[in-house]
Enquirer: 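Okay, handing you the structure first.
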There are 2 protein chains.
Amino acid sequence: MQVQQIINQIYTLPEASFAQLKSCIKEVSFPKKYLLLRADTIERKIYFIKTGIVRAYAYQNENEITFWFGKEGETIISMKSYIMNQPGYENIELLETCELYELKTDKLQELFKQDIHIANWGRKFAEQELIKTEERLIARQFSTTAERYSALLKNHPDLLQRISLGYIASYLGVTQVSLSRIRAEIK
Amino acid sequence: MQVQQIINQIYTLPEASFAQLKSCIKEVSFPKKYLLLRADTIERKIYFIKTGIVRAYAYQNENEITFWFGKEGETIISMKSYIMNQPGYENIELLETCELYELKTDKLQELFKQDIHIANWGRKFAEQELIKTEERLIARQFSTTAERYSALLKNHPDLLQRISLGYIASYLGVTQVSLSRIRAEIK
DNA sequence: TTCATTTTTTAACATTTGTAAAAGGATTCA
DNA sequence: TGAATCCTTTTACAAATGTTAAAAAATGAA
């Protein structure tokens with residue numbers, strides 16, 4: 001997915017503002033299994049995914065819990081780093097080789113102060129991420145695991161092909177054994 | 001809590017910008033049990049809570065699920081209405097008589113286009129709500145009900161006094177019976 | 001205060017989910 | 001191809017949570 005498409009799907013910028021923003025972005029690429037972000041560090045970059053798929057995970061006691069997947073067109077960001085300048089929850093691991101667009105957040109913060117269109121783009125970006133996060137929270141509070149698995153199957157069938165079930169079970173908040181039982185019942 | 005304090009705790013505005021924003025805000029008051037927002041409507045106002053406490057709930061089949069509490073200094077908003085102009089999840093019921101600051105969102109949208117400080121205030125507002133939502137999602141995915149109850153007890157002890165346990169159990173995602181068992185174990 | 005109502009806890013049993021281990025499939029790479 | 005590894009399902013049992021009902025405690029109104 002092209003950077004222009006990713007940026008303008010958030011909020012369409014005037015050409016001059018887009019050019020400013022684009023000049024701060026560079027393309028990078030990393031292999032499968034690469035650890036892009038670490039939970040104990042303050043991340044000063046955000047990434048837009050051109051190709052590939054990633055997962056965010058954190059540790060609870062000794063256990064790894066996967067809590068987010070990102071694919072083409074989505075944004076890899078540690079919200080706590082971005083907003084509060086503190087280490088975030090997420091370790092981000094690449095599940096496939098990825099091509100990414102990289103943007104340094106300090107440059108973005110400068111643009112927010114200078115350009116009202118970019119400030120409003122940043123507002124829309126936060127708002128859209130907020131809606132996504134709220135939807136995940138609501139789904140988790142209101143739906144059973146079976147319902148959320150079915151929704152995932154319907155809305156993102158490619159994820160089931162691209163990601164092993166252990167990670168998906170963790171993401172859904174159950175053990176792999178339990179997810180297996182759910183899959184057996186649906187058939 | 002005064003409106004100036006609520007607005008500037010999000011992001012400190014220059015005086016002129018604050019005056020502009022404040023001129024769009026009026027004070028209103030409603031009694032306990034009043035239904036301020038309905039889930040099936042598009043809400044065109046947001047409220048800042050001066051005094052009182054409210055809950056957001058939705059229906060899952062026949063059951064009511066409480067998924068948010070708001071108190072002094074917090075913002076009552078239907079994010080889906082505000083951001084996507086669609087009916088949101090939340091019914092908002094007042095659990096105490098409340099004094100509120102009311103702001104029409106269409107006026108706010110106008111100010112976003114005119115004033116870069118207010119645009120950045122709006123960005124910070126969305127970002128802070130995002131952090132809060134993310135924290136709730138992470139807590140839900142990573143902590144047991146007992147841990148989340150203890151955190152609530154520690155961080156918001158007043159809520160346990162002001163809100164009945166049925167609503168709190170629902171908020172924590174368990175039955176009241178189960179919450180009672182948790183409370184019995186902690187003692 | 002006293003009675004009625006609401007809230008919270010307790011109990012008994014059913015259901016769901018977790019744990020640990022093993023078996024069955026699928027994939028990779030020499 | 002074949003052996004090793006990884007992924008997924010199945011089984012048996014344990015632990016946690018839900019359901020329903022009743023008892024106890026707290027609250028509120030006359």
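No hydrogens, no waters, no symmetry mates; every other heavy atom, side chains included, goes into these values. Computed from a predicted structure; not experimentally measured. So you know, we letter chains A, B, ... as the sequences are listed, proteins then strands, and number each from 1.
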Enquirer: Where the side chain of S178(B) is concerned, which of dT17(D), dT17(C), dT10(C) is the nearest nucleotide?
Expert: dT17(D)
Enquirer: So which nucleotide from dT9(D), dT19(D), dG18(C) ends up closest to the side chain of V174(A)?
Expert: dG18(C)
Enquirer: Using a cut-off of less than 4.0 Å, is there contact between a side-chain N or O of S180(A) and OP1 or OP2 of dT8(D)?
Expert: no
Enquirer: Determine the interplanar angle of the Y59(A) and Y57(A) rings, folded into 0 to 90°, and report it as parallel if under 30°, tilted if 30 to 60°, perpendicular if over 60°.
Expert: perpendicular
Enquirer: Figure out the CG/C1' separation between N63(B) and dT20(D), and round it to whole Å.
Expert: 14 Å
Enquirer: What is the distance, rounded to the nearest whole Å, between atom CD of Q161(A) and atom P of dT8(D)?
Expert: 11 Å
Enquirer: V177(B) side chain: which of dT19(C), dT10(C), dT8(C) is closest?
Expert: dT10(C)
Enquirer: Give the rounded distance in Å between these two atoms: CG of L165(B) and C1' of dT6(C).
Expert: 13 Å
Enquirer: Donor-acceptor pair, S23(B) side chain versus Q20(B) backbone, under 3.5 Å?
Expert: yes
Enquirer: May I ask you to verify if any side-chain N or O of R183(A) is less than 4.0 angstrom from the OP1 or OP2 atom of dT9(D)?
Expert: yes
Enquirer: Using whole Å, what does the distance between atom P of nucleotide dC7(D) and atom CG of L179(A) come to?
Expert: 15 Å
Enquirer: With rounding to the nearest 0.5 Å, note down the distance linking CD1 in I46(B) to CD1 in I76(B).
Expert: 10.5 Å
Enquirer: Take the protein atom CZ of R181(B) and the nucleotide atom C1' of dC13(C), then report the distance between them rounded to whole Å.
Expert: 11 Å
Enquirer: Does the side chain of I77(B) come within less than 4.5 Å of F125(B)'s, by heavy atoms?
Expert: yes
Enquirer: A quick test of your reading: do over 12 heavy atoms of other residues, nucleotides or ligands sit less than 6.0 Å from NZ of K50(B)?
Expert: yes
Enquirer: Using atom CD1 of I182(A) as one end and atom P of dT15(C) as the other, report the distance to the nearest whole Å.
Expert: 18 Å
Enquirer: Looking at T175(B), I'd like to know whether one of its side-chain N or O atoms comes within less than 4.0 Å of OP1 or OP2 on dT17(D).
Expert: no
Enquirer: In whole angstrom, what separates E185(B)'s CD from dT9(C)'s C1'?
Expert: 14 Å
Enquirer: 5'-most contact on DNA chain C: T144(A) or Q176(B), nearest heavy atom basis?
Expert: Q176(B)
